[in-house]
Amino acid sequence: MLDLKNLRDNFDDIKKMLSSRGYNIDEDSFKSLDKKRKVLQVTVEDLQADRKKLSSEFGKLKASGESVDELKTIIDETNTKLDENDKELQSILKDLNNLLLDIPNIPDQSVPNGRDENDNVVIKKYGSITSKNTLDHLEITNDIDTDIAAKIAGSRFSVLKGELPKLQRALISFMIDNAVKNGYEEYYVPFMANADSLIGTGQLPKFEEDLFKANENLYLIPTAEVPLTNLFRDEFVNENELPIKVTSHTPCFRSEAGSYGKDTRGLIRQHQFEKIELVQLTKPENSMTCLDNLLSNACQILDLLELPYQVIELCTGDLGFSSAKTFDIEVWMPSQNKYREISSCSNFTDFQARRANIKYKTKDGNHFVHTINGSGLAVGRCLIALIENNYDGSDIIKIPSCLEKYFGSDQIKIN
RNA sequence: GGAGAGUUGGCUGAGUGGUCGAAAGCGCCUCCCUGCUAAGGAGGUAACUGGGUAACUGGUUCGAGGGUUCGAAUCCCUCACUCUCCGCCA
């Protein structure tokens with residue numbers, strides 16, 4: 001959520017910055033709503049002040065035993081006027097708030113200008129592509145079974161068998177341990193979240209169709225970003241504890257509405273997948289440095305797994321709703337002969353903190369923290385990258401040395 | 001599922017329908033004392049938001065939403081959540 005005051009004061013600048021990411025703010029409706037708001041609010045507050053004074057006079061008169069009839073008439077009139085104006089004000093405030101909840105974050109100055117994903121900028125490529133494999137993960141192993149998962153649940157689910165469940169656990173443990181080494185505190189969190197939490201991190205109200213709804217007020221989490229960030233919702237955090245770094249492994253649930261026909265094969269796009277999430281709360285002045293730090297924490301996983309990848313910076317037009325700046329990490333997928341997203345690391349500046357009301361106190365007042373998060377990493381995609389990049393072409397998948405102590409072997413032999 | 005208790009500032013916790021945004025304590029800030037630290041003393045310290053160039057000055061908020069009333073933290077109703085006990089259960 002943007003700062004309303006800031007939007008009012010710097011409307012033209014903000015409008016311009018938002019249009020760089022493809023969002024056109026409705027200038028007429030915003031300005032006319034805010035104008036009405038101002039008039040009504042002043043009226044209502046004046047009437048409230050009147051009522052306060054009159055009521056206390058009423059009390060005094062009554063206490064001294066004098067007649068209150070005349071005063072009561074005046075009060076009744078005031079109250080009637082107040083009711084009328086207040087109703088109108090409330091409805092305008094609601095509209096204004098809905099309009100505000102709908103506006104995406106302002107891109108950081110440093111974000112390259114662009115229209116869509118084609119204008120994203122490759123920052124750096126890491127590792128060398130050595131795999132000559134062209135088979136995809138379903139062709140390499142039979143232990144990823146999407147047919148049987150379809151029987152249990154439907155499309156976009158999978159069952160892992162053989163050595164793969166263990167390999168997935170190994171990846172999870174390895175990633176969490178690595179995050180902890182990098183100073184993140186591990187949490188176990190609910191896999192469902194209420195509407196307030198999802199509004200806090202920006203999934204609601206705009207993107208409800210992307211979520212699985214469990215009941216009236218509970219949704220399955222699409223990422224651990226939701227519970228981890230909402231640990232701090234409506235809290236003041238200690239200034240001297242910043243940056244706060246937290247992590248969690250959770251399954252993630254996404255309805256993938258709107259992606260029909262896209263990535264239908266294999267593990268690449270599932271309704272349910274495992275992910276390790278990294279979240280930082282920082283002071284505003286440090287948030288870009290912290291984003292770099294978080295990005296390097298995520299990259300380190302792929303370095304250690306010895307998988308080739310590239311880091312790209314999203315252009316203004318491809319930024320997510322809540323993000324001011326985003327780097328995607330893309331891992332090499334031999335079967336697709338291209339890089340695919342495996343992590344998205346973003347600085348949300350105060351956008352989420354404002355929605356979730358996460359602040360810290362200093363001598364000169366209260367400030368919203370900045371929030372930064374990213375995957376460290378998406379486990380399902382990591383699993384298939386590992387399988388496809390490390391397949392020797394006949395019957396062996398090599399396990400990188402960093403996983404050996406978790407997996408207990410340096411290879412998987414395919415039956 | 002049954003029975004009961006509760007939800008008040010950064011935290012703990014008082015609170016009589018008007019003088020309550022709210023006692024007290026903790027914490028925090030400023031100052032005094034002190035060679036330093038600790039202790040002690042004085043004062044200050046809720047959030048959100050409007051108007052105003054400013055000085056300043058309004059309003060809202062005691063879990064949420066309704067209601068009663070001239071006036072609600074306080075009375076009534078509904079809901080959410082938390083806790084305790086009993087039952088059931090991984």
Side-chain angles (χ1 to χ4, degrees), chain A residues 1-11 30-101 188-200 204-205 213-219 227 230-242 244 281 283 350 353-369:
Chain A
M1 177 145 52
L2 301 186
D3 179 9
L4 185 57
K5 208 185 278 175
N6 186 20
L7 182 60
R8 256 181 225 135
D9 295 347
N10 305 299
F11 188 87
F30 174 76
K31 286 196 166 164
S32 82
L33 271 176
D34 195 51
K35 199 173 165 189
K36 279 190 217 160
R37 184 223 102 236
K38 186 165 168 176
V39 175
L40 277 169
Q41 186 165 348
V42 171
T43 309
V44 165
E45 288 179 1
D46 285 350
L47 286 168
Q48 281 170 333
D50 287 349
R51 185 183 62 180
K52 242 183 174 172
K53 280 192 203 100
L54 294 172
S55 283
S56 99
E57 263 176 57
F58 185 102
K60 280 175 202 153
L61 278 188
K62 194 134 201 205
S64 66
E66 293 175 56
S67 160
V68 293
D69 295 351
E70 199 180 329
L71 189 55
K72 183 160 171 5
T73 316
I74 298 172
I75 292 177
D76 285 346
E77 279 168 14
T78 307
N79 276 340
T80 311
K81 256 192 261 173
L82 182 60
D83 270 3
E84 286 166 6
N85 284 284
D86 194 43
K87 258 187 205 142
E88 212 178 324
L89 177 63
Q90 292 313 319
S91 129
I92 280 172
L93 286 178
K94 205 176 156 191
D95 291 347
L96 208 51
N97 193 47
N98 286 341
L99 201 123
L100 209 60
L101 281 174
Y188 172 81
V189 294
F191 302 160
M192 295 194 204
N194 58 30
D196 285 345
S197 295
L198 286 151
I199 289 169
L204 289 180
K213 194 168 186 174
N215 69 25
E216 272 312 290
N217 193 41
L218 271 185
Y219 299 80
N230 279 284
L231 288 170
F232 306 97
R233 175 156 53 88
D234 292 322
E235 301 282 344
F236 281 93
V237 296
N238 276 330
E239 183 186 8
N240 54 24
E241 284 171 17
L242 295 173
I244 292 172
L281 309 188
K283 293 189 199 179
D350 61 359
R354 199 176 290 284
R355 288 175 163 239
N357 191 28
I358 307 171
K359 287 185 271 195
Y360 67 100
K361 285 178 185 285
T362 67
K363 269 174 246 163
D364 42 272
N366 302 328
H367 309 276
F368 290 107
V369 301

Identify the nucleotide, in any strand shown, that forms a Watson-Crick or G-U wobble pair with [N], with both distances under 3.5 Å; if there is none, say none.
N     : answer
B:U45 : B:G27
B:C20 : none
B:C89 : none
B:G65 : B:C77
B:A3  : B:U84
B:G40 : B:C32

Please measure how far the [atom1] atom in [N] lies from the corresponding atom in [M], and state the result in whole Å.
N     : M     : atom1 : value
B:C89 : B:G17 : C1'   : 47 Å
B:G27 : B:U16 : C1'   : 30 Å
B:G59 : B:G41 : C1'   : 38 Å
B:A55 : B:A73 : P     : 30 Å
B:G9  : B:A46 : C1'   : 5 Å
B:A80 : B:A64 : P     : 15 Å
B:C77 : B:A90 : P     : 39 Å
B:G50 : B:C31 : P     : 33 Å

Qualifying residue, where the test is salt bridge (Lys or Arg N to Asp or Glu O under 4.0 Å) with A:D34 and the options are A:R37, A:K31, A:K36: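 Single pass found, and it is A:R37.
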Spacing between [X] atom [atom1] and [N] atom [atom2], to the nearest angstrom:
X      : N     : atom1 : atom2 : result
A:N6   : B:U49 : CG    : P     : 13 Å
A:K35  : B:G50 : NZ    : P     : 19 Å
A:K60  : B:G17 : NZ    : P     : 20 Å
A:M1   : B:U49 : CE    : C1'   : 13 Å
A:L218 : B:C81 : CG    : P     : 9 Å
A:F236 : B:G27 : CZ    : C1'   : 14 Å
A:H367 : B:A47 : NE2   : P     : 12 Å
A:L93  : B:U60 : CG    : P     : 14 Å

Euclidean distance, A:L204 CG relative to A:L101 CG, rounded to 0.5 Å: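 Going from CG on A:L101 over to CG on A:L204, the span is 10.0 Å.
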CD1 on A:I358 to CG on A:L231, rounded to 0.5 Å: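 Result: 9.0 Å between the selected atoms.
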Sub-6.0 Å ring centroid separation between A:F368 and A:Y360: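 A:F368 vs A:Y360: aromatic centres not under 6.0 Å.
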Full working for side chain to side chain contact (heavy atoms under 4.5 Å, CB included) between A:K359 and A:V369: CA-CA 5 Å; A:K359 287 185 271 195; A:V369 301; 6.0 Å; no
Would you say [N] has OP1 or OP2 under 4.0 Å from some side-chain N or O of [X]?
X     : N     : answer
A:R37 : B:G51 : yes
A:K38 : B:G52 : yes
A:R51 : B:A72 : no

A:N366 or A:I75, whichever maps to the more 5' nucleotide of RNA chain B: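 That would be A:N366.
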Upstream residue (5' side of RNA chain B) when A:R354 and A:K72 are each assigned their closest nucleotide: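 Between the two, 5'-proximity favours A:R354.
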Check against side chain to side chain contact (heavy atoms under 4.5 Å, CB included), A:N97 and A:M1: CA-CA 9 Å; A:N97 193 47; A:M1 177 145 52; 4.2 Å; yes
By the 4.0 Å heavy-atom rule, please label [X] as base, sugar-phosphate, or nothing.
X      : value
A:K53  : nothing
A:N217 : nothing
A:K361 : sugar-phosphate
A:N79  : sugar-phosphate

Tabulate atom names and distances for all N/O pairs under 3.5 angstrom spanning the protein and nucleotides 56-59 of chain B.
from: B:G58; atom 1: N2; to: A:E45; atom 2: OE1; distance (Å): 2.6
from: B:G58; atom 1: N2; to: A:E45; atom 2: OE2; distance (Å): 2.9
from: B:G58; atom 1: N3; to: A:E45; atom 2: OE1; distance (Å): 3.4
from: B:G59; atom 1: O3'; to: A:Q48; atom 2: OE1; distance (Å): 3.1
from: B:G59; atom 1: O2'; to: A:Q48; atom 2: OE1; distance (Å): 2.7

A:D9 and A:K5: CA distance, side-chain angles, deciding distance, side chain to side chain contact (heavy atoms under 4.5 Å, CB included) verdict: CA-CA 6 Å; A:D9 295 347; A:K5 208 185 278 175; 4.1 Å; yes
Closest to side chain of A:F58, choosing from B:U60, B:G10, B:G18: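 The listed nucleotide nearest to A:F58's side chain is B:G18.
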From B:C70, B:G51, B:A47, nucleotide with atom closest to A:V42 side chain: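 Shortest atom-to-atom distance from the side chain points to B:G51.
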A:K72 with A:D76: basic N within carboxylate O range, under 4.0 Å: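 Counted as a salt bridge, because a side-chain N and a carboxylate O are separated by less than 4.0 Å.
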Check against side chain to side chain contact (heavy atoms under 4.5 Å, CB included), A:Q90 and A:D86: CA-CA 6 Å; A:Q90 292 313 319; A:D86 194 43; 3.2 Å; yes
For residues 189-200 of chain A, tabulate all N or O donor-acceptor pairs below 3.5 Å that involve a side-chain atom, not counting sequence neighbours.
from: A:N194; atom 1: OD1; to: A:D196; atom 2: N; distance (Å): 3.4
from: A:N194; atom 1: OD1; to: A:S197; atom 2: N; distance (Å): 3.0
from: A:N194; atom 1: OD1; to: A:S197; atom 2: OG; distance (Å): 3.0
from: A:S197; atom 1: OG; to: A:R233; atom 2: NH2; distance (Å): 2.9

